[in-house]
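Letters go in sequence order (proteins before strands), and every chain restarts at 1. From a predicted model like this one, the values you see are computed outputs, not experimental measurements.
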Number of protein chains: 2
Amino acid sequence: MATGRTHRPATRSRGIPEATVARLPLYLRALTALSERSVPTVSSEELAAAAGVNSAKLRKDFSYLGSYGTRGVGYDVEYLVYQISRELGLTQDWPVVIVGIGNLGAALANYGGFASRGFRVAALIDADPGMAGKPVAGIPVQHTDELEKIIQDDGVSIGVIATPAGAAQQVCDRLVAAGVTSILNFAPTVLNVPEGVDVRKVDLSIELQILAFHEQRKAGEEAAADTVAVPPVAARKQQHSTGSADKGPDGDVPAVMPA
Amino acid sequence: MATGRTHRPATRSRGIPEATVARLPLYLRALTALSERSVPTVSSEELAAAAGVNSAKLRKDFSYLGSYGTRGVGYDVEYLVYQISRELGLTQDWPVVIVGIGNLGAALANYGGFASRGFRVAALIDADPGMAGKPVAGIPVQHTDELEKIIQDDGVSIGVIATPAGAAQQVCDRLVAAGVTSILNFAPTVLNVPEGVDVRKVDLSIELQILAFHEQRKAGEEAAADTVAVPPVAARKQQHSTGSADKGPDGDVPAVMPA
DNA sequence: GTGTGTGAAACGTTTCACAGCT
DNA sequence: AGCTGTGAAACGTTTCACACAC
């Protein structure tokens with residue numbers, strides 16, 4: 001044996017599974033909606049339905065945070081909103097820079113749900129000198145030259161890359177060198193970053209290709225149903241129907257720029 | 001062990017794991033780049049590096065498609081491009097409608113990597129009558145009233161929702177009723193769809209919240225390193241460094257509209 | 001009775017390590 | 001000698017089912 005390595009650092013109780021972390025924002029959104037409608041409590045069943053997951057998963061997820069529910073009753077909405085927000089680090093302010101103010105960058109800058117959570121657009125950056133000073137979403141665009149200064153002055157630790165693919169790695173290197181440790185990448189490229197820097201990517205074309213795969217399979221299975229005597233349990237398969245891209249292991253969507 | 005139960009319906013060779021499917025577009029992108037540079041063959045090691053995964057995973061992934069490599073040599077780039085394209089269903093034409101031509105919708109319409117794969121923007125749809133006829137990315141925007149006709153005439157099976165959250169479910173219902181069976185949702189809402197319809201979601205604010213969680217934890221661990229005598233192997237953790245959001249179970253990013 | 005919290009089982013994915021082909 | 005293809009082990013996630021608290 002001894003194949004396994006470090007087993008687990010076991011920081012104890014701080015070990016929230018990655019899959020759970022990825023769902024917390026979903027729960028938070030559903031809870032916020034309930035809160036706005038002044039609903040005082042929810043059962044795991046109701047909340048799960050609103051978030052698009054099943055109740056067993058939701059309860060297990062919450063169990064990693066602690067015991068915030070009341071047996072026989074459910075969860076206190078306001079309390080849960082607070083606990084999840086705190087767990088996600090949304091009770092503090094996160095200044096964010098967006099680099100690449102093309103169609104997509106502008107769209108991101110205008111995104112409302114941005115400020116509603118703890119995020120604040122600290123600056124919009126573009127390499128085109130012609131863009132400099134032009135306001136987008138009420139914020140003047142600044143030239144790439146200012147990047148390092150802005151990051152240091154505002155203590156920015158999260159950067160969003162919405163540039164063409166060709167510029168992404170270079171922008172990434174500068175962000176990291178200036179102190180950014182989390183990057184959301186919309187450019188269709190693999191970014192190389194040093195250890196300790198987190199990268200998440202969003203890639204439209206990848207999402208479409210995954211849909212195309214399933215679409216093709218649906219068509220193929222239909223056709224097969226005519227020719228072959230449908231094998232025992234064939235078409236069953238767990239279509240991710242209702243739950244949305246529930247299992248999507250990655251989750252990409254390339255920048256919206258003529259790559 | 002005999003822990004497993006049903007083993008597998010064994011549709012034989014059609015059982016490509018979801019996680020593998022999600023990575024095929026990544027490999028395809030890396031292979032396309034190699035192809036453009038006229039590289040004839042690659043080893044699993046090289047290709048894996050270019051795609052941002054490890055080579056064992058890549059080989060296992062390819063093994064689900066068949067034995068397309070040559071031992072001692074590697075993979076033929078052109079041949080693999082073809083096989084993966086075929087597997088993903090990209091050798092056929094996929095007409096796509098984009099609903100909601102705000103900032104984000106326009107960005108998507110302008111996205112180049114769209115047409116490069118088998119996707120073709122069949123129509124841009126918006127509810128604002130003032131937008132009708134206005135060309136975006138060279139395609140005239142059409143009013144929502146035309147939606148059903150377009151879907152049926154062009155045989156559209158994939159729809160992209162880039163509307164505000166409030167309109168998303170209604171648009172979704174109309175798309176599905178008209179015959180769409182795959183939906184890419186940018187609106188920050190859970191969509192309810194009937195069995196057999198695939199939904200994938202992309203949600204910016206969720207991605208940012210996941211980054212914030214890790215960012216907060218980094219800060220916390222740093223602080224803890226001072227007080228507590230750093231436990232054995234602490235900071236190690238498999239930071240998704242190089243590989244990007246390698247494990248991201250979901251992969252969301254809300255619509256870029258004032259929700 | 002009702003609904004949470006959670007061990008234990010089932011399932012899916014990744015990694016290891018090496019046999020086997022070129 | 002080199003690199004693929006793949007069983008088997010390790011790991012992570014989801015689901016089940018029920019004890020327990022209200």
Side-chain angles (χ1 to χ4, degrees), chain A residues 1-10 13 15-24 27 41-49 51-77 79-80 83 236-238 240 243 246-250, chain B residues 1-9 13 15-24 27 41-49 51-77 79-80 83 237-238 240 243 246-250:
Chain A
M1 294 306 109
T3 45
R5 179 95 45 82
T6 22
H7 212 215
R8 262 267 135 183
S13 105
I16 301 177
E18 199 45 43
T20 295
V21 171
R23 279 187 297 267
L24 292 181
Y27 301 143
T41 57
V42 254
S43 67
S44 61
E45 202 72 57
E46 293 163 336
L47 184 54
V53 304
N54 72 49
S55 62
K57 202 186 297 194
L58 179 143
R59 287 201 304 278
K60 181 52 61 136
D61 282 344
F62 285 179
S63 81
Y64 292 116
L65 308 183
S67 285
Y68 295 151
T70 308
R71 290 173 198 226
V73 179
Y75 301 92
D76 181 278
V77 173
Y79 188 57
L80 249 193
Q83 289 299 344
R236 282 293 293 285
K237 300 248 70 173
Q238 88 306 18
H240 332 182
D246 227 64
K247 236 343 246 314
D250 249 20
Chain B
M1 286 309 104
T3 44
R5 171 95 44 82
T6 23
H7 216 205
R8 262 269 131 181
S13 104
I16 302 176
E18 199 44 44
T20 296
V21 171
R23 280 187 297 266
L24 291 181
Y27 301 143
T41 58
V42 252
S43 66
S44 61
E45 201 71 57
E46 292 163 336
L47 184 53
V53 302
N54 73 49
S55 63
K57 201 185 300 194
L58 179 142
R59 287 201 304 278
K60 179 54 57 134
D61 282 342
F62 285 178
S63 80
Y64 293 116
L65 308 183
S67 285
Y68 296 151
T70 307
R71 292 171 198 233
V73 180
Y75 300 92
D76 182 279
V77 173
Y79 187 57
L80 248 194
Q83 290 298 345
K237 297 248 69 174
Q238 88 305 18
H240 331 180
D246 228 62
K247 235 342 243 317
D250 248 19

Taking N or O atoms only and anything under 3.5 Å, show me the protein contacts with nucleotides 20-22 of chain D, one pair per line.
unit_1, atom_1, unit_2, atom_2, d
D/dC20, O2, A/R71, NH1, 3.0

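Put simply, CZ on A/R23 is 9 Å from P on D/dT13, counting in whole angstrom units. As a whole-Å value, the separation of B/Y64 OH from D/dG7 P is 10 Å. What separates CG of B/D61 from C1' of C/dT14 is a distance of 10 Å, to the nearest Å. In this structure, B/Q83 places its CD atom 17 Å from P of D/dT4, rounding to the nearest Å. Rounded to whole Å, the distance from NZ on B/K57 to P on D/dG5 is 18 Å. A/L65 has its CG atom 11 Å from the P atom of C/dT6, to the nearest Å. Between the CD atom of B/E18 and the P atom of C/dC11 there is a distance of 18 Å, given to the nearest Å. Here D/dT6 presents its C1' atom at 14 Å from CG of B/L58, a figure rounded to the nearest Å.
Take A/F62 and apply the ring-ring contact (aromatic ring centres under 6.0 Å, His included) test, not counting sequence neighbours, and it matches A/Y27, A/Y75. Residues passing the side chain to side chain contact (heavy atoms under 4.5 Å, CB included) test with B/Y68 are B/L65, B/Y79, B/L80, B/Q83, B/R86, sequence neighbours excluded. Every residue meeting the side chain to side chain contact (heavy atoms under 4.5 Å, CB included) condition with A/S55, not counting sequence neighbours, appears here in chain and number order: A/S44, A/E45, A/A48, A/R59. Residues passing the side-chain hydrogen bond (donor to acceptor under 3.5 Å, both in side chains) test with B/T41: none are found, sequence neighbours excluded.
B/S44 has a side-chain polar atom (N or O) that falls below the 4.0 Å cut-off from OP1 or OP2 of D/dT4. Put simply, A/R59 has no side-chain N or O that comes within less than 4.0 Å of OP1 or OP2 on D/dA17. Contact check, A/N54 against D/dT14: no side-chain N or O comes under 4.0 Å of OP1 or OP2. Phosphate contact (OP1/OP2 of D/dT13, side-chain N/O of A/K60, threshold under 4.0 Å): absent.
Residue A/S43 places its side chain closer to C/dG3 than to any other of D/dC16, D/dT14, C/dG3. Side-chain proximity of B/Y75 to the nucleotides D/dT4, C/dT4, D/dT13 is greatest for D/dT4.
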